[in-house]
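Numbering of ligands and ligand atoms starts at 1, following listing order.
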Amino acid sequence: MLTSYYIILSFLSMVFPHQTLLQAEDNWSIRIESEWDVLGPFPIQAREQHYLSPAYPLNLSEPIDFARSWPSSYADNGKVGWTKADLGPDHTLNISFPQIRRVFWNSLRKSEGWAALQHHATLRSTLTIYPPSLAVQDQPPRLFVSLKQGSYFCLRPRHQSFSTFVPQWHAGNIYDLETALPIPVLLPFDLSTAEPTKFDLFVSGDYEIRLFGDPWARLSEIPVLQLSIDASFRIDQHTSPVVRVSSQDVKCDFVAGYAFGDYLGIGVQSLLGWWSVKNIHAKSEGIQLSLPSTVDIAPTQTRTVPILVNQDRPFFTEHLSFELVLKSDDASITLSVTLPIVHHTSITYQQGSQVVEATYLSENAAPLAFLAVSPSTPNNHEPDPPILALHGAGVDIIGNMREMWLNALPKRPRSWVVIPTGRTSWGLDWHGLSARDAWASLDALKAIIDHFEVTEVPTSYKIRSNDKVILMGHSNGGQGAWHLASRYPDRVLAGTPPLRSSHALSSGLISNYSAIPAAGYIKSGHFIDPVLRSILESSLTPDDNDLHLSNLVDVKILAIHGGEDENVPVWHTREAISGLLSWYPSKSVIFKEDPRQGHWYPDVLNNPSVEGFLDYLNNGSDENFLQKSFTLTAANPQECGSLRGWSIESLKIPGRLGRIAVHEVDWHHLRAETTNVFKLRITGNTKPMQVEIDGQIFYLDGKHEDFVVVDDGTRDWKIHAPEGQARRAPPGRIQALLSTAGLISIVISDTDMQHELSAALRIAHTLKLYHRLESEIITEGAAFQRNHFGTWGSGNVICIGKPTSLFVQDVIGKRWTPIRVSDDGFTVADHSFSQRGQALIASHPMDHITFMLLLVYNDLAGLERALRLFPFRTGIAVPDWVVLGDGVDKVGAAGVLAAGVWANDWQLSGPMTWFHH
Ligand SMILES: *[C@@H]1O[C@H](CO)[C@@H](O)[C@H](O)[C@H]1NC(C)=O
Ligand SMILES: *[C@@H]1O[C@H](CO)[C@@H](O)[C@H](O)[C@H]1NC(C)=O
Ligand SMILES: *[C@@H]1O[C@H](CO)[C@@H](O)[C@H](O)[C@H]1NC(C)=O
Ligand SMILES: *[C@@H]1O[C@H](CO)[C@@H](O)[C@H](O)[C@H]1NC(C)=O
Ligand SMILES: *[C@@H]1O[C@H](CO)[C@@H](O)[C@H](O)[C@H]1NC(C)=O
């Protein structure tokens, strides 16, 4: 097997004196100075972070004045200057600010709340690359940087003029996610082979309460930002241009000799050049492996190659071996792969439950894993509904926290417990694509059991079609249970979420470590127009659990919270329950407040009360107690399911809340009043009924057909006549791009290749790291071909281009939105944006499933600004379209030039559009 190796030179440089490195024989080498300059702290709101320059308050196109001080409300006299910090031999940096008075942090907490501890600092050191002293290699080295718990880093060459420098920011691994790969850095020039090349290495250090917690929880009064950074080379000369990356593999266990899932995934990275995985040769007997499609890999990109497994007989060998064949324009490479296999002898297990790792192929064409805990009693009793157990933020259920989480869950005689990953240990806080992974893992388990070939599956092991699920979760997973139950109430039998916070819930900002800044989008943004603020914030309301509480009318809830939670105060669950009871005063909600318990205790979910509640749920539903009136709420209909068969299909004004208040006059007569609903659907009609919508009466024949009505704008409801497949509705927020139904394609131009390739690779890296989303990078030429032959896949598309890009012109030329381009810039409905530094990030229609994300930029600085808004994390407020100018670097969202949520027809929405002039 071909291997690559890393040389961690910053480590060597600590061990050997400086000179030793200079004498290194024939290797390139790197050194990061251990002395760091630190500028900060500056107060920052989490949601503002991605609008501001990561170098805030610096402008990296100018030299740094180390004597200067800057306004910061944390410091005495309101000013901070530069200080120093040391990089340890373990590559860690601990940043605190002794010049800020200890007592100040505490008094601040009293007046402003702990959210006020959230801050930003800009860090700087020197990174030097030394050329080999002897033989000059023909291939330049590839630089890789690992940054943990820092939000961004960039390199600024010292030998160039700063005034023309545009920083290329790379997103770090801020959550310290499992299986993170070092980030490839494409240098925009060839390194000198004659002398060392020096760079300023800048890191954006952001103390997010969500990540680092309340310092009190660490028995400290002052917040300490801890991060780690390292740089390395992979030397190409001795290495294959393509390498295996086993940390990106996805594997399933084998049960009775058969794979528990149809797919495996194999991590492959190109260190150099463009490659395609074309073929696979199985080397083990009795198992057929095939590639569902060719997998294209851009230079430095890592892909997980999906492999379809077929068996006509059981496979019991400890290892599975095969070869992958890769081709480039002029070469071919074979990678040998050997995977160790975990075998279970039978689907049932004599000593209670067993835990099986399973896989499925997600819509994004990426194989994903999940855990399934079998029922403990194999017999012929009817099964109980499955339990979906959602883990807390940062809990890697496939890796080192597997046992902890498994031990925390109840084992049931006749229920499977499905433990999804949410794609990664943080994912999107069980919203969006992480929610889809939860449902898809459940569907996948049902399919695996239904098709399980060898042994008879006992009845108690089946999963019935349309079975409702029981949701359960802790911490961020408790929030996730709350989220899924209130968005998909008809799929949920009940929830047992240990609830977390209403405020923290509403911002989706909860973690193992802490709850978070309450509400307030950009509290510090004194500059921001209130109307702009509401438009930006509308991209976050679909995540707000408190707004969707009304949907929990039928969900039976056992809420659990430690009475002395040091992390998410118990007050939050009390608030959530009182919110629910103000909707439905007679609803029964069980709240188990565990006195003297903190955030986590091993039996939080695994105890007699939970068991008793599960027994009660499995006893069958008591429909007699259904409330006569209920309200369905949807902030974004595309991210909500039905409630008692009712669903909101689209809104009159997307971006505003939609509601339907339904009252059961009697068994056959329903009366509904709508707010901001354009189209609604009622499914599962099994009895004849009279339905009154805003005073208009309809009769349903009860023959199961969906009843769909639209309002023509004057509260005149009409039966909806289905039309052909139209273009999909606007997503409302850019983050919906992540909920893609297939591989994401990133289109870059053929002419501005270098910088756009770097941008595309950075997006691809972030998608993979944060969400295990697969993407391919293609050029405009290939994109035109796909247009011509109609060969786009089912995935969303990201298109990066200048106004002069032919592909951008072609897309925009369809005039499906009010965006236009010209040679000197772009316009949105006659507002022209032709200045340097400006850029547009916008959703654009494609077909009935997919949409395109456009990043149109006037210059490189503009492109970099638009890239920062690519919303790969929760809480980055980006509605359907935003125009940015250079002001955002300094004043955050107040530097936005225009923004909006599209109307249903992709045109400007009167109420949800904002221009700065
Ligand atoms: C230089 O590279 C070779 C492999 O080419 C490696 O064996 C050696 O350890 C490296 N030397 C240093 C000082 O990194
Ligand atoms: C930073 O703090 C961590 C945890 O206390 C410690 O392991 C690490 O060595 C520290 N690093 C430095 C440079 O002091
Ligand atoms: C979450 O909390 C538990 C218990 O305090 C701890 O063991 C675990 O390491 C924490 N998770 C992370 C990601 O820090
Ligand atoms: C389940 O239902 C039976 C009969 O209706 C009742 O006796 C029993 O108490 C119920 N169990 C629970 C846990 O609610
Ligand atoms: C940064 O500095 C450069 C050079 O002085 C200037 O052209 C540019 O406008 C500045 N950027 C911002 C956002 O102020």
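There is no protein heavy atom less than 4.0 angstrom from atom 7 (O) of ligand 5.
When each atom of ligand 2 is checked for a heavy atom of Asn94 under 4.0 Å away, the hits are 1 (C), 2 (O), 3 (C), 8 (C), 10 (C), 11 (N), 12 (C), 14 (O). Applying the 4.0 Å criterion to heavy atoms of Asp90 picks out, from ligand 2, the atoms 8 (C), 9 (O). Taking every heavy atom of Lys890 and a limit of under 4.0 angstrom, the matching atoms of ligand 5 come to 14 (O). Taking a cut-off of under 4.0 Å to the non-hydrogen atoms of Thr92, the atoms of ligand 2 that pass are 8 (C), 9 (O), 10 (C), 11 (N), 12 (C), 13 (C). Proximity to Asp86 (heavy-atom distance under 4.0 Å) selects the following atoms of ligand 2: 13 (C). Residue Gly88 has at least one heavy-atom neighbour below 4.0 Å for each of these atoms of ligand 2: 13 (C). Close approach of ligand 2 to Gln226 (heavy-atom distance below 4.0 Å) involves ligand atoms 2 (O), 3 (C), 4 (C), 5 (O).
Side-chain atoms of Thr126 and Arg158 include a donor-acceptor pair closer than 3.5 Å. Using modelled atom types, one finds no donor on one side chain facing an acceptor on the other under 3.5 Å when comparing Asp86 with Ser34. Using modelled atom types, one finds a donor on one side chain and an acceptor on the other under 3.5 Å when comparing Asp206 with Ser204. In the model, Arg762 has a side-chain atom that pairs as donor or acceptor with a side-chain atom of Ser758 under 3.5 Å. There is a side-chain donor-acceptor pair under 3.5 Å between Ser475 and His599.
The protein non-hydrogen atom at the shortest distance from atom 1 (C) of ligand 5 is Asn59 ND2, 1.4 Å. Protein heavy atom closest to atom 5 (O) of ligand 5, with residue, atom name and distance, is Glu62 OE2, 2.9 Å. When hydrogens are left out, the protein atom nearest atom 9 (O) of ligand 5 is Asp886 OD2, 4.2 Å; that is the closest non-hydrogen contact.
We find that Asp37 and Lys84 are joined by a salt bridge, their nearest charged nitrogen and carboxylate oxygen being less than 4.0 Å apart.
Aromatic ring pairs are classed by plane angle as parallel below 30°, tilted from 30° to 60° and perpendicular above 60°; the pair Trp600 and His474 is perpendicular.
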Legend entry - Derivation of the side-chain hydrogen bond (donor to acceptor under 3.5 Å, both in side chains) call for Ser843 and Asp880: CA-CA 5 Å; Ser843 64; Asp880 273 324; 2.9 Å; yes

